[in-house]
Structures are given as C-alpha cells and as structure tokens.
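Okay, so here's the structure we're looking at.
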Amino acid sequence: MMLTLALNSIKDRAGSVALSVLAMAVSIFVLLGVEHIRQQVKASFSSTVSGVDMIVGARTGATNLLLYSVFRVGTPTNNISWDAYQYIIDSPDIRWSIPLSLGDSHCGYRVLGTTDDYFRYFKYGQDLALRFETGRAFGQANEVVLGFEVAKKLGYQLGDSIILAHGVVSTHFSQHDDYPFTVVGILLPTGTPVDQTVHISLEGIEAIHRGWKNGVKIPSRISQEQEASEQPAQPPQSITAFLVGLESRMSTFRVQRAINNYRYEPLMAILPGVALTDLWQTMRVFENALRLVSTLVFLAASLGLTALLLASIRERKQEMYLLRAIGASPARLLALVQLESIVITVISCTVALLGLEVALLVSQDYLLSRFGLAINVNILTQQTGILLALLLITTALLSMIPSLKGYFQAKRFSG
Amino acid sequence: MVISLNNVTFRYADQEHVNVLDIRSWSVEAGEQVFLKGPSGSGKSTLLNILAGLLPPSGGEVTVLGERLDQLSRARRDRFRANHIGYVFQQFNLIPYLSALDNINLARYFSADSQKKLPSVASEERLNALGIAQRLWHKPARELSVGQQQRVAIARAMVNEPKLLIADEPTSSLDQQNRDRFLQLLLEQASQHNMTVVFVSHDASLSQRFSRQEILSEFNRAGAGR
C-alpha cells in the first residue's frame with residue numbers, strides 16, 4: 001500500500017521526476033560505464049599475452065611498443081633489420097621467438113606478417129594456444145589465416161581470395177591488388193586482438209611489397225607483377241618487432257640489457273607485465289578524473305532530487321495532513337518520502353543499466369575492431385552491484401533531509 | 001458516553017496567554033448526531049483536532065470512547081484515530097492522485113484492526129452504499145466531481161467502522177442538491193452503523209436534520225471573552 005502510494009505520487013509528478021531521473025541516470029551511466037570499461041580493458045589486456053617473456057622492437061616508448069606489437073593499436077615508429085633479429089635470437093638464452101611485421105590492412109583489419117612459430121608459441125588468456133576452426137597454418141607466401149572476427153564479419157570461407165591494402169587506413173587508395181591471397185585457415189575466437197588480425201607469412205609481406213618503395217607503388221614495376229609473383233619467396237628485409245620466450249626467466253634482465261645495448265641498431269626490449277603496469281599507471285589519471293567527474297555529477301543529481309522532494313513536501317502539506325488524519329504516523333510519512341526517493345533512484349539505476357547495456361551492445365563491434373577490446377556486455381557483476389548499493393545508500397542519506405522535514409512538519413502539526 | 005471533556009484548555013505554542021479553547025464540561029452520548037455551529041475562528045477546528053487526537057490539549061481531560069486522549073502518547077493517539085475515528089474535511093479529503101478505491105484502502109491500511117476484522121471487499125461495499133458508480137472506482141480522485149469526492153470521503157471515513165464520525169464543514173463546497181444528498185447519506189450510514197456524529201458547520205439550515213444542536217460559543221468560555 002505504501003508502495004502504491006509512493007508510485008502514484010511519483011506518477012503524479014512525472015514531469016519533474018523524469019528530469020531528476022534523467023540527470024541521475026546519466027551520472028550513473030557514466031559511473032558504471034567507466035567502471036565497467038576499466039575492468040574490461042584490464043581483463044582484456046591482461047589476457048592478450050601469456051607466456052611471452054619479452055617484446056623487442058625499435059627504440060620507442062615501452063607503452064607504444066606494447067600497444068602496437070600486441071594490441072595492434074597505434075603505429076610502429078621504425079623497423080628492425082632481419083639481420084639484427086637473426087643475431088639476437090641466436091642467443092642460447094632464447095627458446096623461441098615470433099617475428100611480427102605490421103603495416104598493411106584488409107578492410108580495416110590489421111595484417112600481421114609472421115612465421116608458423118606464431119601458431120606454435122603464441123599464448124593468450126590462461127596459457128591457451130591458438131586453435132583453428134577450419135583449415136591450417138599458411139605454407140605458401142600467398143596463403144592467409146584469418147582471425148575469427150575477420151572471417152565472420154567479412155563472411156570469408158576457406159578458398160576465398162582476398163586483396164590486402166597498404167597502410168592501416170581502410171581506403172582503397174593503394175591496394176596490393178597485384179598479389180591476391182587465398183584463405184587457408186580460420187582461427188577459433190580468442191577474445192583478443194588475434195580475432196581481428198589477418199595473418200600472412202613474412203614471405204607474403206615481402207611479396208606484396210616487391211615493386212614498392214617508401215610506401216608507394218612504382219609504376220614502372222607494375223608490368224613486372226606477373227614475374228614478381230612467380231619469383232621464389234625471399235626472406236624479408238626487416239620486421240616490426242618480435243616476441244621472445246626465454247629458456248629461463250633467470251636470464252630476463254641479462255637478455256634485456258644485451259638487447260638494449262645492441263650496438264648496430266637502436267633496439268628496445270620490454271617485459272609485457274611491467275609495460276602493462278606502466279600503462280595502467282598512465283590510464284589511472286584519466287580513470288580517476290572520469291570517476292571524480294561522474295561522482296560529482298551523481299552528487300549534483302542527488303541534490304537535485306533532494307530539492308525536488310523538499311519542494312514536494314511543501315506543496316503536499318495538505319496531503320500530509322490528510323494522511324496524518326487517517327492514521328499515518330509521522331514515521332510513516334518519513335518512510336513514504338524515503339520510499340519515493342528510493343523508487344526514483346531505482347528507476348534511474350534501471351534506466352542507466354539499460355542505457356549502458358544498449359550502448360555496449362552498439363559499440364561492442366566498434367571497440368573490438370578499433371581498439372581490439374573484447375567487452376563483456378554482461379554488466380551485472382558484483383562490482384556493479386556494490387556500486388549501485390553505494391548509490392542507493394547515498395540518495396537514501398541525502399533524502400533524509402526532506403524526509404525529516406516531512407517528519408517534523410507532521411509531528412508539530414497544529415491544525 | 002462517547003465524548004467527555006473536562007476543563008479542557010488549548011493554547012498555541014506561539015501565543016501562550018491566549019486560550020483558543022476553554023471548556024469546563026461537554027459530553028456526547030453514544031448514537032447522538034450533534035450539529036455544532038460556530039463562526040469561523042471560534043475554535044471549531046481546534047476542538048475537532050483535539051477530539052481526533054491530532055492535537056493534545058494544553059490542559060484538562062479529554063475522554064473519547066473511554067480513552068483518556070490527553071494521557072496517550074502521540075503514537076498511541078495515531079493508532080487510536082486510525083482505528084476508531086472517521087474524519088471528513090471541508091475539502092482535500094482524498095489523495096488526488098490515488099483512485100477512489102485506493103483512497104479507501106489506504107485508510108484500511110493505516111488501521112491495523114481493520115485488516116484482521118474486515119474482508120477486503122469492505123472498500124467496495126462502502127462505495128456501493130454511497131452510490132459511487134463502479135466505473136469511477138479506479139479513476140484518480142481529482143477527476144471526480146466535488147460531490148462524488150465528498151461521498152467517497154464518507155466511504156473513506158467509515159470503512160474502518162469507527163464509533164465516532166467527525167465532519168468539519170464537509171458541505172460548504174457543495175451545491176444545494178449535492179449538500180442534501182451528502183447529508184442524507186452521511187446520517188443514514190451513521191445510524192445504520194451506530195456511529196456517533198459530530199458535524200461542524202456554519203450553515204444553520206442543516207441543523208434540523210440532527211438530533212442535537214450545539215453552539216460552540218455557548219460552552220467555550222475562551223470564545224465568549226472576545
């Protein structure tokens with residue numbers, strides 16, 4: 001009955017209540033959204049690499065190297081020569097290595113040139129190896145293995161022929177249309193950037209860039225395309241970065257120092273765990289700023305609700321008197337105002353949750369393809385629950401102001 | 001004896017030296033239908049609020065239905081009022097955004113006794129008895145005509161089968177025809193259920209329908225002094 005009363009009272013003031021709900025919902029939306037995405041980013045990033053002891057690339061920022069080598073975000077600044085790569089992996093400390101060559105794309109998906117060691121050694125999540133949905137690893141230079149997402153979104157199947165584009169923007173300006181690839185394998189989903197990657201062999205990378213110079217197709221060479229594709233596969237001149245697995249973790253710092261001091265080229269070796277921690281440090285500032293702003297917005301919205309309720313107590317003086325006359329105790333009136341504020345908050349939370357869910361569903365694909373972020377759309381985690389409970393307590397406390405006013409107004413009633 | 005007042009005085013907290021009420025002795029027997037007349041400002045509403053237990057008297061003994069209201073705590077008075085007293089006001093008798101039926105259910109809800117005592121159809125029986133068409137039951141109270149609203153108010157006041165019905169100028173916003181119908185229904189229902197009625201109005205033309213007529217200034221010594 002109290003709930004009927006509260007609900008009808010809210011319905012009666014739907015206009016002003018709707019604005020309060022909107023203000024609150026927006027702030028809750030931002031709060032929950034920031035929190036959810038933060039957790040998802042962390043979970044997603046942490047599960048992207050597993051078992052990789054070191055990432056080596058041209059000298060740049062540690063975060064930058066981590067981002068472009070593993071997360072396919074950003075652009076590499078410089079390459080490593082094939083000779084330097086060979087020299088370093090010759091070391092007895094190194095058990096395995098995966099060369100990575102980036103810079104091309106297919107319909108917005110990044111192309112990764114590598115060797116079949118990639119399918120052997122690359123691990124993600126809890127030490128999980130890559131597995132094929134269908135097909136096999138590439139053997140020839142003109143064979144391609146697609147990530148799950150790429151194949152699904154673009155509708156490719158084994159045997160399909162695809163053309164790669166130069167650069168990572170999805171314009172059709174400079175296509176490697178002289179060298180088509182054949183799909184020979186499709187990977188199972190991993191929830192990591194691997195799903196959005198087009199994998200070809202280093203020989204394939206070399207082949208499509210034959211006849212190119214500084215990123216531009218040289219016209220005079222186009223006539224030789226026939227000849228070019230028939231030439232035997234050659235090892236590449238350079239690669240973008242490589243992942244390293246060590247024989248023993250004990251040698252980590254020794255190997256890292258050796259690479260950083262490599263004399264003939266400016267190289268850099270980073271430890272994925274350390275680089276990730278650095279990344280979180282950088283992100284924390286933004287996170288905190290966002291969280292602070294949304295908390296303030298929420299407080300403002302709660303105060304708005306308090307003001308609304310306070311005004312409503314004043315204009316409902318007669319109603320309160322009537323309730324007293326038919327037997328409602330002042331405590332009941334306090335409960336009624338509290339109930340109204342809780343109902344309004346619950347509505348706001350629901351609106352925010354629905355909005356967030358819709359926003360996540362809509363942006364899921366974009367986040368995945370643009371940032372390689374696999375976002376879990378299930379927002380009803382324990383964390384969210386705790387946050388919502390905190391919000392409810394806050395509004396309940398704040399609306400004690402109007403509730404108590406109603407209580408005392410009812411108590412010292414003088415007909 | 002339903003009401004018995006003994007040396008009752010009332011002063012507002014901010015006007016400590018002015019008595020609004022000063023009644024040496026006044027009583028109402030069970031089943032009486034009392035018409036209480038008095039100009040506005042003579043303390044009628046204050047008296048009714050004291051009888052209903054909304055206001056405690058500043059001094060004296062207030063006995064209603066055998067309970068010493070002046071000695072009860074505020075919470076006990078609230079419960080007493082919800083269970084034993086029906087109240088009809090001049091206006092704003094109903095929560096405007098609740099339906100007629102919900103308004104009556106609300107009164108039942110606040111009275112702990114009625115939930116055990118009365119079947120849930122009681123609210124609907126009341127509405128029927130007071131001639132409220134069924135199609136109006138679920139309409140928000142504010143969409144009803146004033147006459148309909150006042151009749152729902154009677155239903156609301158009577159749903160807990162109170163022993164005492166207090167009406168504070170309930171007809172002043174009604175036209176002639178509605179006033180007569182309202183009064184007839186009220187008194188009919190009251191005698192059917194053996195309720196004692198205290199009815200306040202300044203409209204003397206209504207007084208002959210009641211079994212007893214009283215003028216407040218005749219027994220309120222505070223009013224006489226003005």
Side-chain angles (χ1 to χ4, degrees), chain A residues 1-18 20-21 308-309 311-341 343-344 347 402-415, chain B residues 10 12-14 20 43-50 52-56 73-89 91-99 101-115 140-142 153 156-157 159-160 162 166 168:
Chain A
M1 197 68 225
M2 287 293 273
L3 197 61
T4 316
L5 190 58
L7 287 178
N8 278 292
S9 154
I10 289 171
K11 216 164 75 188
D12 192 51
R13 290 170 290 133
S16 47
V17 167
S20 292
V21 164
L308 176 90
L309 288 173
S312 87
I313 299 272
R314 209 160 296 144
E315 79 199 17
R316 290 159 73 193
K317 212 166 178 167
Q318 280 194 307
E319 190 185 318
M320 297 287 172
Y321 177 58
L322 174 62
L323 288 172
R324 289 279 290 128
I326 63 173
S329 61
R332 291 278 195 172
L333 298 189
L334 181 138
L336 176 66
V337 180
Q338 275 294 336
L339 198 60
E340 284 184 16
S341 104
V343 167
I344 291 175
I347 294 174
S403 302
L404 282 174
K405 186 184 158 57
Y407 177 80
F408 287 118
Q409 183 175 299
K411 215 173 171 179
R412 89 176 94 77
F413 218 97
S414 46
Chain B
F10 184 83
Y12 284 111
D14 49 353
V20 180
K44 285 176 304 183
S45 296
T46 309
L47 175 61
L48 295 187
N49 279 337
I50 288 175
L54 276 165
L55 288 176
S73 69
R74 190 191 42 69
R76 297 272 306 275
R77 276 187 277 127
D78 286 342
R79 216 170 309 140
F80 175 79
R81 178 169 62 255
N83 293 336
H84 303 298
I85 296 178
Y87 214 121
V88 183
F89 300 95
Q91 55 187 9
F92 212 92
N93 267 300
L94 306 173
I95 305 289
Y97 48 79
L98 284 186
S99 70
L101 199 56
D102 276 342
N103 262 291
I104 295 171
N105 285 332
L106 193 65
R108 281 161 45 74
Y109 171 78
F110 284 127
S111 150
D113 280 7
S114 73
Q115 280 168 349
R142 74 154 65 88
R156 203 273 326 283
V159 72
N160 294 323
I166 297 175
D168 187 359

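Each chain gets a letter, A, B and so on, in the order its sequence line appears, and its residues count up from 1.
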Exercise for the section: Give the member of A:Ser329, A:Ala331, A:Ala325 that has the highest number of heavy-atom pairs under 4.5 Å with chain B. Expected result: A:Ala325
Problem - Atom pair CG/CE of B:Leu106 and A:Met2 - distance to nearest 0.5 Å - result: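 B:Leu106 atom CG to A:Met2 atom CE measures 8.5 Å (nearest 0.5 Å).
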Completion exercise
Sequence neighbours excluded, the answer for side chain to side chain contact (heavy atoms under 4.5 Å, CB included) partners of B:Arg74 is A:Arg324, A:Pro330, A:Tyr407, A:Lys411, B:Arg77, B:Asp78
Fill in the blank from the handout: Contacts of A:Pro402 meeting side chain to side chain contact (heavy atoms under 4.5 Å, CB included) (sequence neighbours excluded), chain-then-number -> A:Thr306, A:Leu309, A:Leu310, A:Ile313, A:Val337, A:Ser399
Problem - Interface residues of residues 4-13 of chain A facing chain B - heavy atom cut-off under 4.5 Å - result: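 The list, in residue order, reads A:Thr4, A:Leu5, A:Asn8, A:Ser9, A:Asp12.
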Practice task
For residues A:Lys317 and B:Phe92, determine if any side-chain heavy atom of one lies less than 4.5 Å from a side-chain heavy atom of the other.
Solution key: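 Not in contact.
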Practice task
Report yes if some heavy atom in the side chain of A:Ile326 is under 4.5 Å from a heavy atom in the side chain of B:Asn103; otherwise report no.
Solution key: no
Practice task
Please determine, among B:Ile166, B:Asp102, B:Leu48, the option with the most heavy-atom pairs under 4.5 Å with chain A.
Solution key: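 The candidate making the most pairs under 4.5 Å is B:Asp102.
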Practice task
Kindly write out the residues that satisfy ring pair (Phe, Tyr, Trp, His ring centres under 6.0 Å) with B:Phe89, not counting sequence neighbours, or none if the list is empty.
Solution key: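 Ring pair (Phe, Tyr, Trp, His ring centres under 6.0 Å) list for B:Phe89, sorted by chain: A:Tyr321, B:Tyr87.
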